[in-house]
Amino acid sequence: MKEYDFKKIEKKWQDKWDTEKPFRAVDFDTTRPKYYVLYEFFNISGNLHMGHLKGTVPADALARYKRLAGYNVLFPIGGDAFGLPAENAAIKTGINPKDFVAKGMKTVTEQSKLIGLSFDWDRTICTSDPAYYKWTQWIFLQLLKNDKAYKKEGYVNFCPKCKTVLSNEDSQGGKCDRCGSDVVQKKRWVWFLKMKEYSQKLLDNVDRIEMADNLKEAQRNWIGKSEGIELTFPLVDESGNEFDKVTVFTTCIETVYGVSFVLLAPEHPFVKKYADKIQNLSDAEDYCYKTSLRSEFDRMSDVKSKTGCELKGIYAINPANGAKVPVYLADFVLANYGTGAVMAVACHDQRDFEFADAFGIEKLQVIEGDCAERAVEKKEYLEADSLMINSEEFTGMHVKEAKAAIADKLVGMGAAERVTNFRMQDWPFNRQRYWGEPFPVVFCDNCGTVPLPEDELPLELPYTNDYLPNETGDSPLSKVTEWVECSCPKCGGKAVRETDTMPNWAGSSWYWLRYIDPHNESALADIEKLKYWGSVDCYTGGTEHITRHVLYAFFWQNFLYEIGAVPSRDPFIRKMGSGLILDDQGKKMSKSSTNGVSPLEVLDKYGADATRLHVHFLGGYEDNTPWTYDGIKGITNFIDNVWRLQDMIKGDEVSEKHIYDLNRLIKKMGEDYEDLKLNTAIAACMKFVKGINADGYITREELRQFLIMLNPLAPHITSEMYENVFGGELINDKWPEYDEKYLVEDTVEIPVQVNGKLRDKVKVDRAITADEIRKLIDTEYSSLIPDGKSIVKFIYVPGRIVNIVVK
RNA sequence: GCCGAAGUGGCGGAAUGGCAGACGCAGCAGACUCAAAAUCUGCCGGGAGUGAUCCCGUACGGGUUCAAGUCCCGUCUUCGGCACCA
């Protein structure tokens, strides 16, 4: 046999797959079980990078394995195209974003094929395609109709550089997700989606999905469920007249007798509402103004120094004991969490402790402990279950008991209510950018906000060559006047369109549904097809999307379920988070990094099969693996050894000699593909080939089964060899089945330990009983028992190990 | 600060509580060769011993167990996420 010419052979198979399209998924095929494998679609920017190899290949291997195992597999791909790269290219080079995306889609398609990825190309979608975003707009209209979308003026994250509104998810760590600038708080008119309302449903999704615990924990933290009490403090003026109430949220109601002041967020409406009662109004307004200038990041990172401003002339009455306490503004109180107001207990909350120090406010201790230098906080006193002090009838109780008793009392009085709070916020959904889905709504002087009729969708993005927001920060679309000015669909009068566009997460919040029925013009997807394909069985992709995209996906899927558009609340049954490929500095290799090795270079040098094997032999799917060429020799050797198996064929059926190894390999490979453990799957194949080489022969049947098992990892070489030897197409063959009786030989080698230390091994019949093996050791292996010692205990774990305890 | 994950040879990494270091790289020795490359064979955690073998060894200190890399408690380190969330 000639040497393996990967360039020629890989191209041959890639061309064949391209023209014959054998990887198409078949709707409504009831002869086979269905399996839906999803890799998160490509962000259209430029070339594929190493990270894509790490992410796509395991999904591809799983899809190929499942097909061989008799499943009807849906394994689609598409482009997430309403993103920053297209718009930046437009701004920098003037290239039309549409053209940029078209070129990008072509590139990722070609490069995917070079890797040998078995996507169903007939189902490709692209989020910036009007036929696709018609349905993104349709979903928005349904949200609007069902009162899940609203426009309101509020404080939101704003990136001064991108000049656009951002969600919390888009500004994690106080940095703009698009450009890395510090995000500021700005008051703007914003479209919100009522995601907060779905908090508990999202937590239920998290409970149901099969996913690593650390990822679930990250999501739970992000949603941030917290159970506590809302407690209402009457507000009084200087002369003691009650004029309103303020409600605070607390999870530490047990400290209520220690409240010595109340804090409001600077954005709290009372500053404006009771301006006439605030004696130092200009100080207060000044403080609010200064706070608004500080970026969120400043406010968060500057945790040491507490700033604030007393609202002189306004006092709060503690409903528990009638105490009159001062009210302050403080920027560490967040307007959009809880009620935007907190009760401050200096001795039992470190932030309040520092604030009290800074403003010379008295500190009241209500739970035992040393509060001289710092607060004794919840975690500490709950752990110790300390005793209550200075708390009227609750004094002397244990904290845990008092917590419930005080809550009961205040709830009974009508001053408090038990509530559940979530950290997650409603989703600010509009961006002041050109390259996004236009909102299908108009503003009419007579009718107000009017949704477009569904039959007018898609509302296409108009052409422009001016992609920058205007001076006041309005979207570039506001400059396209002939598009903005329109007539009202309701009254026919003059109206203007919404000129903001949707965030780039919009299109990705439902895309897995569209693959199921990508060309449907009358629905986002046919409900019967949705029922057939069901939820995504395995969703692979980066972990960086776990608290953004995946939560948005849960949200939209729940909503679509509630309006009857989809048959399940769960978009995904299993989510696997892929690790990163790191460069030699230990940094992430990605689209933006210039420090990376291009996969094209490796593909060109070693071929697709070798590249696929090498990247996945470097480390586990979920682990970050540093890139290196080291060890690729082991892979090319392995490939050469596999190729030479063709010259070693002797005999037809599975030989006695190989039957155990072969059956164990079948079991191992199936399990490893299922779990995406490609590194150990490759190792198992190498070991098998090593054994074959040592024996000097392989039978036809053994080779056939082996090629099928290796095919999901190395599809090209295995297809070629299969054709050479068996004269047909491997992908039409079936995954081999293993026989339980060939997993363990009849004669096994059992390690013998004495006091837990390995001393010898005995070859015995697998079915041997504990008595028999003990007899054997008593007679033939008695030298293992040290002189002068006797056996006090004899343990035999059938088929595994013997441990003799001597004394 | 809080939450999570992890720490195993020179390196990448394997091990349902049951033979630690699978598989591979690098290294060393040998074969082939005029020579080199390629390939093949053997060795390859540390220590003692001619040797069979023995002792130590999975970040560190304890514990549970007949048996611990794996489970429990404490400490340290690294990475990731969140971060004034009341």
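Lettering of chains follows the sequences in order, A, B, ..., and the numbering in each one begins at 1.
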Shortest non-hydrogen contact from [X] to [Y]?
X       : Y       : answer
P58(A)  : Y621(A) : CG-CD1, 3.4 Å
V366(A) : S391(A) : CB-OG, 3.6 Å
G308(A) : F359(A) : N-CZ, 3.4 Å

Under 4.0 Å between any heavy atoms, over every strand shown, what does [X] touch: base, sugar-phosphate, or nothing? Just pick one.
X       : result
D352(A) : nothing
N755(A) : nothing
V805(A) : sugar-phosphate
Q753(A) : base
R759(A) : sugar-phosphate
I795(A) : base
K690(A) : sugar-phosphate
K216(A) : nothing

Please pick, from [options], the nucleotide with the shortest atom-to-atom distance to any side-chain atom of [X].
X       : options                : value
F617(A) : G12(B), C82(B), G4(B)  : G12(B)
R423(A) : A86(B), G12(B), C82(B) : C82(B)
N803(A) : C19(B), A15(B), G18(B) : G18(B)
A218(A) : G81(B), C66(B), C25(B) : G81(B)
R800(A) : U16(B), C23(B), C19(B) : U16(B)
D349(A) : A86(B), U39(B), G12(B) : A86(B)
V797(A) : C40(B), A86(B), G18(B) : G18(B)
M686(A) : G24(B), A22(B), C84(B) : G24(B)
W222(A) : U39(B), C82(B), G13(B) : C82(B)
I801(A) : G13(B), C25(B), G18(B) : G18(B)

Inset, instruction - Take the angle between the ring planes of Y552(A) and W505(A) and call it parallel below 30°, perpendicular above 60°, tilted in between. - result: tilted

Inset, instruction - Would you please indicate if the ring centroids of Y328(A) and F355(A) are separated by under 6.0 Å? - result: yes

Assess whether one donor atom and one acceptor atom, taken from the side chain of [X] and the base of [N], lie less than 3.5 Å apart.
X       : N      : value
K761(A) : C19(B) : yes
N221(A) : C82(B) : no
K379(A) : C2(B)  : no

Legend entry - Residues forming a side-chain hydrogen bond (donor to acceptor under 3.5 Å, both in side chains) with D661(A), sequence neighbours excluded: R664(A)

Would you mind reading off the distance between [X] atom [atom1] and [N] atom [atom2], rounded to a whole angstrom?
X       : N      : atom1 : atom2 : answer
R548(A) : G80(B) : CZ    : P     : 15 Å
I804(A) : A67(B) : CD1   : P     : 14 Å
E749(A) : G18(B) : CD    : P     : 18 Å
L665(A) : A22(B) : CG    : P     : 18 Å
D672(A) : U16(B) : CG    : C1'   : 14 Å
R220(A) : G81(B) : CZ    : C1'   : 15 Å
H348(A) : C84(B) : NE2   : P     : 23 Å
E217(A) : A83(B) : CD    : C1'   : 15 Å

Indicate whether OP1 or OP2 belonging to [N] is found under 4.0 Å from a side-chain N or O atom of [X].
X       : N      : answer
K757(A) : G18(B) : no
K633(A) : C25(B) : no
N679(A) : C23(B) : no
S226(A) : A86(B) : yes

Distance check, [atom1] atoms only: [N] and [M], in whole angstrom units.
N      : M      : atom1 : result
G17(B) : G12(B) : C1'   : 27 Å
C43(B) : A52(B) : P     : 14 Å
A83(B) : U64(B) : C1'   : 37 Å
G81(B) : G46(B) : P     : 37 Å
U50(B) : C40(B) : C1'   : 31 Å
A15(B) : C84(B) : P     : 39 Å
G9(B)  : A5(B)  : C1'   : 23 Å
G27(B) : C19(B) : C1'   : 27 Å

Legend entry - H348(A): ring pair (Phe, Tyr, Trp, His ring centres under 6.0 Å) partners, not counting sequence neighbours: Y381(A)

Legend entry - Results of ring pair (Phe, Tyr, Trp, His ring centres under 6.0 Å) for F688(A) - residues two or more places apart only: F706(A)

Inset, instruction - Give the dot-bracket string for RNA chain B, reading 5' to 3', where a pair is Watson-Crick or G-U wobble with both distances under 3.5 Å, ( ) marks pairs inside the strand, [ ] marks pairs crossing earlier ones, | marks a partner on another strand, and . marks unpaired. - result: (((((((..(((.....[....))).(((((.......))))).((((....))))..(((((..]....))))))))))))....

Legend entry - Glycosidic class, syn or anti, of G9(B) using a 90° window around 0: syn

Inset, instruction - Identify, between L758(A) and I632(A), the residue whose nearest nucleotide on RNA chain B lies closer to the 5' end. - result: L758(A)

Inset, instruction - Map D623(A) and A341(A) onto RNA chain B by nearest heavy atom, then report which one ends up closer to the 5' terminus. - result: D623(A)

Legend entry - D331(A) (side chain) donor-acceptor with T291(A) (main chain) under 3.5 angstrom: no

Distance-only donor-acceptor pairs under 3.5 Å for side chains of residues 749-763 of chain A, two or more places apart:
unit_1  : atom_1 : unit_2  : atom_2 : d
N755(A) : OD1    : V806(A) : N      : 3.0

Inset, instruction - Sequence neighbours left out, what passes side-chain contact (heavy atoms from CB on, under 4.5 Å) with A212(A)? Give chain and number order. - result: N214(A), L215(A), E622(A)

Legend entry - I367(A) side, atom CD1; K378(A) side, atom NZ - distance, nearest 0.5 Å: 11.0 Å

